[in-house]
Visitor: 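Take a look at this one; I'll ask things after.
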Amino acid sequence: MALRVYNTLSGEKELFVPLIPGKAGMYVCGVTVYDYCHIGHARAGVVFDIIYRYLKYAGYDVTYVRNYTDIDDKIINRANQEGTDYRTIADRYIQAFDEDMARLGLAKPTVEPKATDHIDGIIRIIEALIAKGHAYVSDGDVYYAVETFPDYLKLSGRNLDEMQAGARVEVGDKKRHPMDFALWKGSKPGEPWWQSPWGNGRPGWHIECSAMSMEFLGKTFDIHGGGKDLVFPHHENEIAQSEGANGCQFVRYWLHNGFVNINAEKMSKSLGNFFTIREVLKKFDPETLRFFILSAHYRSPLDFSDQNLDEAQSGLERIYSCLAALDVVLNGTNPAAEIAVIENLSPVGLELQEKIEQFIPRFVEAMDDDFNAALALGVLFEMVRCTNRFLAETKETTPLSLSLVAHVRHLFSEAGGVLGLFTSSPAAWLEGLKTAKAGHIDMSPDEIERLIAERSAARAARNFKRGDEIRDLLLAQGIQLLDSAQGTTWNVK
RNA sequence: GGCGCGUUAUCCAAGAGGCUAGGAGCCGGUCUGCAAAACCGUUAACGUCGGUUCGAAUCCGACACGCGCCUCCA
């Protein structure tokens with residue numbers, strides 16, 4: 001049983017062997033803070049959150065670094081549009097990012113550095129690159145000379161000649177080679193700047209990640225993550241910078257998450273077909289969004305639509321309903337999960353017992369296989385079905401049934417801790433879902449209650465015709481009635 | 001133009017040669033005055049054409065369709 005991860009560099013799943021036994025260093029490219037995050041950011045955040053959680057669960061001492069890119073053309077443009085400074089914009093959207101990610105239940109990384117706090121480190125790397133002949137100064141800018149780095153494009157599996165055939169590369173007159181990229185940009189009037197040996201200016205986009213990862217994780221570390229779209233040029237350039245400057249391997253395992261699609265097309269700022277996390281969370285609860293993201297493998301494309309979110313919500317509701325039923329049985333007690341006697345178990349009880357024993361091994365097997373959360377969820381659902389069956393046939397609780405139920409509950413908490421799910425109290429989550437749905441109807445709760453009372457009276461008088469009329473009336477409003485021995489309640493369909 | 005990925009039942013989705021994935025839905029059952037909800041059960045698939053193999057959704061080849069990267073992107 002060992003963790004295997006898909007490494008973009010090799011194009012294969014590889015056994016995960018950390019640089020230092022028992023430890024894992026992980027760097028994930030965060031966001032450029034110039035606008036609210038969209039659900040593509042949510043996916044990247046959730047994906048690497050469960051990778052982080054699973055590495056910890058697997059026993060590694062993990063150092064997780066996720067940066068904020070807080071200086072960039074887009075931030076400056078936004079500041080100019082609003083007539084303010086870059087810092088105001090960056091700080092505003094850093095805060096927004098933190099709020100969004102907290103709502104999605106992301107665990108805090110070990111460090112969340114900002115590019116602008118690492119200008120010194122950035123300058124040191126650029127100096128080293130110049131000294132080694134990998135970079136050159138040109139009219140206040142500094143560029144990386146890609147032809148001096150033979151391994152350039154090894155991550156994306158291209159070559160320089162083919163890239164040029166793409167013909168979308170502009171040949172700047174400051175560059176020696178059209179593919180050379182900026183490490184340092186001389187500041188234009190009105191732009192923020194920092195002092196450097198090459199004059200006042202600011203860092204290029206790629207260099208900050210080389211500087212910050214080296215600062216917190218060293219010259220070589222285990223995992224570097226980000227969206228697929230960062231493979232080229234961002235991560236390719238990071239390799240050129242870090243390996244060019246340090247002369248040793250930069251990253252051992254490159255992990256890239258797939259995109260969120262809208263109607264099978266990539267969702268992106270440039271296409272304008274994106275939804276912000278905030279918009280989505282007005283309609284769906286954060287855990288539903290997280291569950292949806294986890295329902296596909298992290299490298300696969302994920303098609304976003306209301307229908308798919310609805311389905312995710314139904315699935316999550318199924319699990320929470322089961323957990324709520326477990327909590328009712330447990331009724332606040334916390335019996336030992338150890339099973340003392342397993343004679344007397346019915347076939348269904350024996351099956352549950354078997355599922356319980358297999359649960360963690362199967363869960364771990366799924367997650368060990370390149371963090372296959374979708375498969376892991378399948379294991380959870382099998383447990384739900386088996387548990388429901390057991391609860392349905394168990395009329396009275398016994399110490400044995402209680403211990404089985406408690407064991408199941410513990411397992412869901414354990415798996416939920418890795419997936420970042422089931423953190424709410426099941427009853428509260430289900431109630432919250434009902435309340436949220438109730439916000440979408442026109443009828444007031446008082447009016448509904450009045451009609452329910454009238455219907456109950458009619459039914460008591462065996463006037464089922466009138467009772468059914470009221471039921472149909474409410475249903476037309478999207479309100480469905482739930483009759484039970486305790487009376488009638490309602491929810492929104 | 002170059003490089004790469006994908007195509008699994010009504011929909012979403014896992015699956016790296018022989019083992020019921022799973023979810024949503026449909027349908028059937030339990031429950032109910034009848035329903036609904038809930039629960040249980042059940043159904044069905046591997047883009048096309050070839051090849052390798054005792055055996056292919058899975059490996060190889062061709063084709064078709066879709067998508068991504070090559071420009072800022074998660």
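We name chains A, B, ... by the order of the sequence lines, and we start the count at 1 in each one. This structure is a prediction, so every number in the text was calculated from the model and none was measured.
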Visitor: With a 6.0 Å cut-off on ring centres, are A:Phe16 and A:Tyr253 close enough?
Guide: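 Under 6.0 Å, so yes.
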
Visitor: Using the closest heavy atom to pick a nucleotide of RNA chain B for each, name whichever of A:Lys74 or A:Arg389 lands nearer the 5' end.
Guide: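 Of the two residues, A:Arg389 wins.
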
Visitor: Distance check: side-chain N/O of A:Arg299 vs OP1/OP2 of B:G4, anything under 4.0 Å?
Guide: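 No, outside the criterion.
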
Visitor: For A:Phe464 and B:G33, do the ring centres fall under 5.5 Å apart while the planes stay under 30° apart?
Guide: yes

Visitor: B:C3 pairs with which nucleotide, Watson-Crick or G-U wobble, both distances below 3.5 Å?
Guide: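 For B:C3, the partner nucleotide comes out as B:G68, under the 3.5 Å rule.
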
Visitor: Over all strands shown, is A:Phe48 touching base, sugar-phosphate only, or nothing at heavy-atom distances under 4.0 angstrom?
Guide: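 Touches nothing.
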
Visitor: Measure from CZ on A:Arg455 to P on B:A35 and round the result to the nearest Å.
Guide: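 Between P of B:A35 and CZ of A:Arg455: 13 Å.
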
Visitor: Compare the minimum distances between each of B:G22, B:A74, B:G33 and the side chain of A:Arg459, then state the nucleotide with the smallest one.
Guide: B:G33

Visitor: Any idea how A:His224 and A:Trp254 line up, ring-wise: parallel (<30°), tilted (30 to 60°), or perpendicular (>60°)?
Guide: parallel

Visitor: Which part of the nucleic acid does A:Leu481 contact within heavy-atom distance under 4.0 Å: base, sugar-phosphate only, or nothing?
Guide: base

Visitor: Among B:C72, B:C69, B:A36, which is the nearest nucleotide to the side chain of A:Gln480?
Guide: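 Output: B:A36.
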
Visitor: What nucleotide, of B:A13, B:A74, B:C12, holds the atom closest to the side chain of A:Glu311?
Guide: B:C12

Visitor: Examine the base of B:C34 for any acceptor or donor lying under 3.5 Å from a partner atom in the side chain of A:Arg471, and report the outcome as yes or no.
Guide: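 Between B:C34 and A:Arg471, which were checked side chain against base, a qualifying N/O pair under 3.5 Å is present.
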
Visitor: Considering only B:A36, B:A14, B:G23, which nucleotide approaches the side chain of A:Leu482 most closely?
Guide: B:A36

Visitor: B:C69 phosphate, OP1 or OP2: any side-chain N/O from A:Lys266 under 4.0 angstrom?
Guide: yes

Visitor: May I ask which nucleotide in the shown strands pairs with B:A16, Watson-Crick or G-U wobble, both distances under 3.5 Å?
Guide: none

Visitor: Which of these nucleotides, B:C39, B:G33, B:A21, is closest to any side-chain atom of A:Leu375?
Guide: B:A21

Visitor: According to the interplanar angle, ranging from 0 to 90°, do the rings of A:His235 and A:His256 count as parallel (below 30°), tilted (30 to 60°) or perpendicular (above 60°)?
Guide: tilted

Visitor: Scan side-chain atoms only and decide if A:Asp72 and A:Tyr86 contain a donor-acceptor pair under the 3.5 Å cut-off.
Guide: no

Visitor: Atom CG of A:Asn7 to atom P of B:G4: distance rounded to whole Å?
Guide: 17 Å

Visitor: Any idea which of B:G23, B:C69, B:C34 is nearest the A:Phe381 side chain?
Guide: B:G23

Visitor: Could you check which of B:C70, B:A13, B:C12 has an atom nearest any side-chain atom of A:Asn308?
Guide: B:C12

Visitor: Side chain of A:Arg385: nearest nucleotide among B:G41, B:A16, B:C39?
Guide: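 The answer is B:G41.
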
Visitor: Can you tell whether the side chains of A:Glu454 and A:Arg466 come within less than 4.0 Å, N to carboxylate O?
Guide: yes

Visitor: Heavy atoms only, 4.0 Å cut-off, all strands: where does A:Gly258 land among base, sugar-phosphate and nothing?
Guide: base

Visitor: Please check the phosphate of B:G15 (OP1 and OP2 only) for any side-chain N or O of A:Asn372 closer than 4.0 Å.
Guide: yes

Visitor: Which nucleotide sits closest to the side chain of A:Asn388: B:C40, B:C69, B:A36?
Guide: B:C40

Visitor: A:Asp468 near the nucleic acid: base, sugar-phosphate alone, or nothing, with a heavy-atom cut-off under 4.0 Å?
Guide: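 Contact class for A:Asp468: base.
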
Visitor: How about A:Tyr64 and A:Phe48: are their ring centres within less than 6.0 Å of each other?
Guide: no

Visitor: May I ask you to say what A:Met383 touches in the nucleic acid, namely base, sugar-phosphate or nothing, with a heavy-atom cut-off under 4.0 Å?
Guide: nothing

Visitor: Atom CD of A:Gln358 and atom P of B:U20: how far apart are they, to the nearest Å?
Guide: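 So the CD-P distance, A:Gln358 to B:U20, works out to 12 Å.
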
Visitor: Which nucleotide, if any, forms a Watson-Crick or G-U wobble pair with B:A62, using both distances under 3.5 Å?
Guide: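 Check on B:A62: paired to B:U48, both distances under 3.5 Å.
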
Visitor: Would you indicate whether A:Lys437, at its atom NZ, is surrounded by more than 12 heavy atoms from other residues, nucleotides or ligands within a distance under 6.0 Å?
Guide: yes

Visitor: Return the 5'-most residue of the pair A:Asp303, A:Val260 with respect to RNA chain B, ranking by each residue's nearest nucleotide.
Guide: A:Asp303

Visitor: Select base, sugar-phosphate, or nothing to describe what A:Ser268 touches, counting heavy atoms under 4.0 Å on all strands.
Guide: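 Result for A:Ser268 = base.
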
Visitor: Taking any heavy-atom pair under 4.0 Å as a contact, classify A:His256: base, sugar-phosphate, or nothing.
Guide: nothing

Visitor: Could you please name the partner base of B:A56, counting Watson-Crick and G-U wobble pairs only when both distances are under 3.5 Å?
Guide: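 Answer to the pairing question: none, since B:A56 forms no Watson-Crick or G-U pair.
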
Visitor: Would you mind pulling out the nucleotide paired to B:G33, Watson-Crick or G-U wobble, both distances under 3.5 Å?
Guide: none

Visitor: Could you check whether A:Ser300 gets within reach of a base, just the sugar-phosphate, or nothing at all, counting any heavy atom under 4.0 Å?
Guide: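 The residue A:Ser300 makes sugar-phosphate contact but no base contact.
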
Visitor: Starting the side chain at C-beta, find the nucleotide from B:A24, B:A21, B:G15 nearest to A:His297.
Guide: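 Taking heavy atoms from C-beta onward, the closest nucleotide is B:G15.
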
Visitor: Counting only Watson-Crick or G-U wobble pairs whose two distances fall under 3.5 Å, which nucleotide matches B:U10?
Guide: B:A24

